[in-house]
Amino acid sequence: MVEEEPSLNIPSLLTLAVVSYFVIRWFFKRDGDNATSGSRGRTRGNVVDPAQVEQISQMFPQLSTREIMWDLQRNGGNVAATTERVLSGRGLDAPPPSFQPLVAIPPTGVPATQPVPSSTPKSDGQDLITRYNLSAKVAEASGAEPAAQASSGGGWSQNKEERQRLLQKRRDDMILAARRKMEQKQQEIAGAQ
């Protein structure tokens, strides 16, 4: 009896090709998913979250935001890993010149941060008194000498509106005090001449 040697026929070759195709496809798709969906929850590819960059730059002001963005993009947006790297003394690597960070845009449901009043251009000649509507307080202060104001002993309030009101009052008082000092200096200069 002659034993047959196994041979490759067309159906077995087609089966091998189909199985190989799916294995290779699964292998590359798995690597692509790890790069995109694994980091999608953290940074969505190479998009860097500005809140994370701000958090690290507040902790370490000596670092440039570009270095922080580069490290966050390399480690998948892990703030703890970047912080640990800086604290261990290794520092952050300089990003390559070709690195162009993408900054995440805040979702439309979340309002953007309020613009800071001091960021408005002063080209129109607007002073602090008109900007913060303090003309009534200036008229009050010019009629009578301001008494020494006692600071509130209550400390920091838990109510947001109360804190906002206290901070605005402090801002107004500082502006008025600076105005009084400026007027006194101008009077001294006018009296000396």
- Got a sec, which residues hit side-chain contact (heavy atoms from CB on, under 4.5 Å) with Q164, two or more places apart in sequence or on another chain? Q168
- Contacts of E84 that satisfy salt bridge (Lys or Arg N to Asp or Glu O under 4.0 Å) - sequence neighbours left out: none
- Connected hydrophobic set around F22, excluding itself, where side chains approach under 4.5 Å: V18, Y21
- Of all pairs that satisfy ring-ring contact (aromatic ring centres under 6.0 Å, His included), the ones with a partner from residues 158-193, not counting sequence neighbours: none
- Task: State, to 0.1 Å, how close Q52 and G77 come at their nearest heavy-atom pair, and which atoms those are.
- Result: NE2-O, 3.1 Å
- Query: What residues, two or more places apart in sequence or in another chain, satisfy side-chain contact (heavy atoms from CB on, under 4.5 Å) together with S12?
  - Reply: L8, N9
- Message: When you measure from the side chain of R163 to the backbone of Q158, do you find a donor-acceptor pair of N or O atoms at a distance under 3.5 Å?
- Response: yes
- Heavy atoms, side chains only, cut-off 4.5 Å: are T82 and N75 in contact? yes
- Joint cluster assignment, W26 & L16, ILVMFWY side-chain distance < 4.5 Å: no
- Return the set of residues passing side-chain contact (heavy atoms from CB on, under 4.5 Å) with L167 (not counting sequence neighbours), or none when no residue passes. W156, R170
- Item | ring-ring contact (aromatic ring centres under 6.0 Å, His included): pairs with one or both residues in residues 172-193, sequence neighbours excluded | none
- Task: May I ask you to list the residues sharing a hydrophobic cluster with V23, side-chain cutoff 4.5 Å, ordered by chain and number?
- Result: V19
- Note on the structure: Quick note, ring-ring contact (aromatic ring centres under 6.0 Å, His included) partners involving residues 54-85, not counting sequence neighbours, are W70-F99
- Message: Quick check on I10: does its CD1 atom have over 12 non-hydrogen neighbours (other residues, nucleotides or ligands) under 6.0 Å away?
- Response: no
- Message: Between P95 and E67, is there a side-chain heavy-atom distance shorter than 4.5 Å?
- Response: yes
- Query: Can you name the salt bridge (Lys or Arg N to Asp or Glu O under 4.0 Å) partners of E54, sequence neighbours left out?
  - Reply: none
- Task: Report the distance from atom CD of Q184 to atom CD of E188, rounding to the nearest 0.5 Å.
- Result: 7.0 Å
- Message: Grouping I, L, V, M, F, W and Y whenever their side-chain heavy atoms are under 4.5 Å apart, do M174 and L176 come out in a common cluster?
- Response: no
- Gap between atom CD1 of I175 and atom CG of L134 - 0.5 Å precision: 5.5 Å
- Minimum side-chain heavy-atom gap K181-K185 below 4.5 Å: no
- Message: Working to the nearest 0.5 angstrom, can you tell me the gap between R85 CZ and L92 CG?
- Response: 6.5 Å
- Message: Through direct or indirect side-chain contacts below 4.5 angstrom among Ile, Leu, Val, Met, Phe, Trp and Tyr, which residues connect to M182?
- Response: none
- Message: What verdict does the side chain to side chain contact (heavy atoms under 4.5 Å, CB included) test give for S57 and I68, after you've listed the backbone C-alpha separation in whole Å, the side-chain angles of each residue and the deciding distance to 0.1 Å?
- Response: CA-CA 8 Å; S57 66; I68 295 169; 3.9 Å; yes
- Before giving the answer on side chain to side chain contact (heavy atoms under 4.5 Å, CB included), spell out for N78 and L72 the whole-Å C-alpha distance, their side-chain angles and the decisive distance to 0.1 Å. CA-CA 6 Å; N78 191 342; L72 283 173; 5.9 Å; no
- Looking at residues at least two apart in the chain, or sitting in another chain, which of them share a salt bridge (Lys or Arg N to Asp or Glu O under 4.0 Å) with R165? E162
